[in-house]
S.K.: 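Dropping the structure in here first, questions after.
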Number of protein chains: 2
Amino acid sequence: MRKIVDIQKKLLPDLMQVMEKRYDILHRIYLAGTIGRRTLAASVDMTERILRSELEVLRTQGLLDTAPAGMTLSASGKQLVEEMEPIVKEIFGLSDLEEAVRTAFGLKRVIIVPGDSDASDHIKMELGRAGSRVLRDSLSSGDVVAVMGGSTMARMASQFATPSQMKDNWFVPARGGLGESVDYQANTIASELAKRTGARYRMLHVPDHLSEEAYQTIMQEPNVREVVDMIRSARIVVHGIGDAITMARRRKLKDETKEELVKDGALAEAFGYYFDRSGKVVHRMATAGLRLEDIEAAGVVIGIAGGSSKGEAIASVMRFGHDDVLVTDEAAAIEALRHV
Amino acid sequence: MRKIVDIQKKLLPDLMQVMEKRYDILHRIYLAGTIGRRTLAASVDMTERILRSELEVLRTQGLLDTAPAGMTLSASGKQLVEEMEPIVKEIFGLSDLEEAVRTAFGLKRVIIVPGDSDASDHIKMELGRAGSRVLRDSLSSGDVVAVMGGSTMARMASQFATPSQMKDNWFVPARGGLGESVDYQANTIASELAKRTGARYRMLHVPDHLSEEAYQTIMQEPNVREVVDMIRSARIVVHGIGDAITMARRRKLKDETKEELVKDGALAEAFGYYFDRSGKVVHRMATAGLRLEDIEAAGVVIGIAGGSSKGEAIASVMRFGHDDVLVTDEAAAIEALRHV
DNA sequence: TTTAGTTGGACGTAAAATGTCCCGCCGTTA
DNA sequence: TAACGGCGGGACATTTTACGTCCAACTAAA
């Protein structure tokens, strides 16, 4: 059963949405017993006319009876709702969890894929796909998108699919930083996204750990300057979320810095910043690119991370409070809710 | 698995069509390896533009890669097609059967519901629902519909659902005939259909087995005359199909008439006529209403019957050759094909 | 180099979806 | 009993979407 639903989700994403909508309507009527169109419209948050079209379909299917006093489910309508409950849980079951996470961290939107990224590579891929969908749906014409690095971001990029070319979009790395493996660098990811979508991109080649002097010098370079300005004007920011200690090691921070991080209670890392349990910034990576104020100014900030081991880190970054959208998996979501 | 799909079909009536269409597209690309839009359009029999919209969905879902040389399935697209093959067989298995029956009897359209009406009442209901759908889809504004009696027709009527009122349609009994139980009389069925749809109806109260004289007299009655004229002008005729002997018994024909029927090889009964194996009329019910020439003149003739026991009778009536649409079940269809 | 086939863009038209308003009906309440 | 509020459903202008059609740019193979 699981299988056919998965297939349908891939093949008929539009119809699945419609299905949810129609089930929602039926379910409300089921609960209300008998209810009028206008009342119902308010309750399921649709305009009256659009609801009406849906009701016509349901009536055609014989699921709905109409009387002057209002609408009621027919026998087969009631039966359908009852039979559907477990199926709906299966298909849309994570929406409750999504809503819980959304309100817990005050986010605009939360997408949760089923499973645990720590346990299976397949889930990691799904997470990437979900992330790419969110990014695609957030994109408007002319948008500049700043992306961070990391393996999750790389998977997101590799799963990105677009119906048409996006010639007037830009992808840029959110920050410099060449320390990591090339595949996972923000530069690489920005360029892959651009290639997959027909968009344009810019790279930012600024080494980590620059002295203040060298930093100032390199920032004088017109082409570096130009890229940095573009990064700072990004309307959309997409980033992964990491464990602070792991990230520090991967970035080869000095031992004393690492100790300092531990002392300050650094727990999570995102877009070059290190956060403690309460979401406070305790350290920042020394490189050019997106600053905190740019993140605050960005239109849409999307965080992507999954796996139960990252739950706490995700909670920490979400408490920081500048993300709009979180894409995660079931295990991480449950774990994150424990650390609200 | 069957169950979940059945439920979804109620909520999304065109789910199957869309799914089949998209699968078909993917499958062709799968077979072709790499193929262009125009070639593909011809191969799946769609216009170029409509195919293009579908392709966009598939591309968005990451199932499809596009290159200047043509389109190819992505890895997950290939996987999807492979996973779908058995599912498609199960879900769409009946469409092959439908096509076989359609061509065997030269019909315009065949609808087959899974199962055997003889075995389960549930299937009988499904048959009724399928029949009501066909009738609904055939209806145009202003149509006069002549319906016959019988338990299948009664179930069809009770399952009829319409999205909106049909005030300018008429339902009339195809023939007189009061011999049977009231619930199954054509008059009752016409009135129920009218009530369920907001359409108008006329009744025809003419007893069976009238003498020629009485028949002529009753036909002089203006209101009888009027109804009969309306019946004969019906654009749509809907009828069940019965076993000749059973029907003869139910209509309380005289023993000698029954013997005659047997002698003439009467096998099936439909709209008051008895047919032999080859589809030739061997007897007619003596009552007012639709004549053979009216059936030939009707725009749409819909036959509804199911159950393996009726397979032969169905084949016989279909050979008669004036039906346009057949609604039946899996068992009857298989049986009918044996008697082509 | 030519040719046939490909994608993607563009655009006017047709069709469907939608917002909006109103009417007549019915049960309830004053 | 009369007024009222909520009901379904009809109607219609308008917006949005789908669709048919044509064309330009490009590529791979002949």
Side-chain angles (χ1 to χ4, degrees), chain A residues 12-15 17-18 21-22 25-26 28-29 32-60 62-74 77 141 161-169 195-200, chain B residues 12-14 17-18 21-22 25 28-29 32-60 63-74 77 137 140-141 161-169 195-199:
Chain A
L12 314 160
D14 40 356
L15 291 192
Q17 262 181 293
V18 176
K21 186 163 66 173
R22 296 198 180 149
I25 295 173
L26 281 184
R28 299 285 174 139
I29 305 178
T34 159
I35 188 173
R37 198 203 312 144
R38 280 170 261 267
T39 319
L40 184 58
S43 147
V44 296
D45 192 33
M46 296 185 196
T47 66
E48 188 190 325
R49 194 59 182 74
I50 203 168
L51 171 64
R52 206 161 144 183
S53 313
E54 295 300 337
L55 289 174
E56 259 172 33
V57 176
L58 298 175
R59 200 172 308 138
T60 307
L63 304 170
L64 203 59
D65 285 335
T66 303
M71 294 167 298
T72 321
L73 291 194
S74 71
S141 165
T162 173
S164 61
Q165 303 270 53
M166 311 188 308
K167 289 195 173 153
D168 58 352
N169 285 105
K195 275 176 204 151
R196 295 187 69 87
T197 57
R200 285 172 294 185
Chain B
L12 306 163
D14 45 3
Q17 286 168 32
V18 178
K21 183 163 68 174
R22 292 195 186 155
I25 295 173
R28 300 282 174 139
I29 305 178
T34 158
I35 188 173
R37 200 201 312 142
R38 275 173 265 267
T39 318
L40 185 58
S43 146
V44 296
D45 192 33
M46 296 186 198
T47 67
E48 189 188 324
R49 193 59 182 75
I50 201 169
L51 171 64
R52 207 159 144 182
S53 311
E54 296 299 336
L55 289 174
E56 259 173 31
V57 176
L58 298 175
R59 198 173 309 139
T60 307
L63 303 171
L64 204 60
D65 286 336
T66 303
M71 294 168 298
T72 322
L73 291 194
S74 70
D137 296 345
S140 306
S141 165
T162 174
S164 60
Q165 304 271 57
M166 311 190 308
K167 289 194 176 156
D168 58 351
N169 285 106
K195 275 176 202 150
R196 295 186 71 87
T197 57

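The figures here come from the full heavy-atom set of this structure, side chains too, leaving out hydrogens, waters and symmetry mates. Residue numbers begin at 1 in each chain, while the letters A, B, ... track the order of the sequences.
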S.K.: Sequence neighbours left out, what passes salt bridge (Lys or Arg N to Asp or Glu O under 4.0 Å) with A:K195? Give chain and number order.
M.R.: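 Here no residue qualifies.
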
S.K.: Summarise how protein sits on nucleotides 17-25 of chain C as a single string, 5' to 3': B when a protein heavy atom is under 4.0 Å from the base, S for sugar-phosphate-only contact, - for no contact.
M.R.: -BBB-B---

S.K.: Run the side-chain hydrogen bond (donor to acceptor under 3.5 Å, both in side chains) test against A:D65 and tell me which residues pass, sequence neighbours left out.
M.R.: none

S.K.: So A:I35, base contact, sugar-phosphate only, or nothing? Heavy-atom distance under 4.0 Å.
M.R.: sugar-phosphate

S.K.: The criterion is side chain to side chain contact (heavy atoms under 4.5 Å, CB included); which residues satisfy it with A:S53, sequence neighbours excluded?
M.R.: A:R49

S.K.: Excluding sequence neighbours, so at least two apart, what forms side chain to side chain contact (heavy atoms under 4.5 Å, CB included) with A:D14?
M.R.: A:L12, B:R22

S.K.: Checking side chain to side chain contact (heavy atoms under 4.5 Å, CB included) for the pair A:N169/A:T197: CA distance, chi angles, key distance, verdict?
M.R.: CA-CA 9 Å; A:N169 285 105; A:T197 57; over 6 Å; no

S.K.: Just to confirm, is there a sub-4.0 Å distance from OP1 or OP2 of C:dT6 to any side-chain nitrogen or oxygen of B:T39?
M.R.: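 Looking at the OP1 and OP2 atoms of C:dT6, one of them is under 4.0 Å from a side-chain N or O of B:T39.
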
S.K.: Is there side-chain contact between B:I25 and B:L63, with at least one heavy-atom pair below 4.5 Å?
M.R.: no

S.K.: Which donor-acceptor pairs under 3.5 Å do the side chains of residues 32-45 of chain A make with protein atoms, sequence neighbours left out?
M.R.:
{"residue": "A:R37", "atom": "NH1", "partner": "A:E48", "partner atom": "OE2", "Å": "2.3"}
{"residue": "A:R38", "atom": "NH1", "partner": "A:E48", "partner atom": "OE2", "Å": "3.3"}
{"residue": "A:S43", "atom": "OG", "partner": "A:R28", "partner atom": "NH1", "Å": "3.1"}

S.K.: For A:S141, check side-chain hydrogen bond (donor to acceptor under 3.5 Å, both in side chains) against everything at least two apart and list the hits.
M.R.: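 For A:S141, the residues satisfying side-chain hydrogen bond (donor to acceptor under 3.5 Å, both in side chains) (neighbours in sequence not counted) are A:D168.
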
S.K.: Specify the angle, to 10°, made by the local axes at the two ends of the helix from C:dT1-D:dA30 to C:dA30-D:dT1 when five pairs are taken at each end.
M.R.: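 What I find for the helix from C:dT1-D:dA30 to C:dA30-D:dT1 is an axis angle of 20°.
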
S.K.: Please identify each residue that fulfils side-chain hydrogen bond (donor to acceptor under 3.5 Å, both in side chains) with A:S74, with sequence neighbours left out.
M.R.: A:S76

S.K.: Could I get the full list of side chain to side chain contact (heavy atoms under 4.5 Å, CB included) partners for B:E56, not counting sequence neighbours?
M.R.: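 Listed in chain order: A:P163, B:R59.
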
S.K.: If you walk 5' to 3' along DNA chain D, what is the first nucleotide with an atom under 4.0 Å of a heavy atom in chain A, and what is the last?
M.R.: D:dC7 to D:dA11

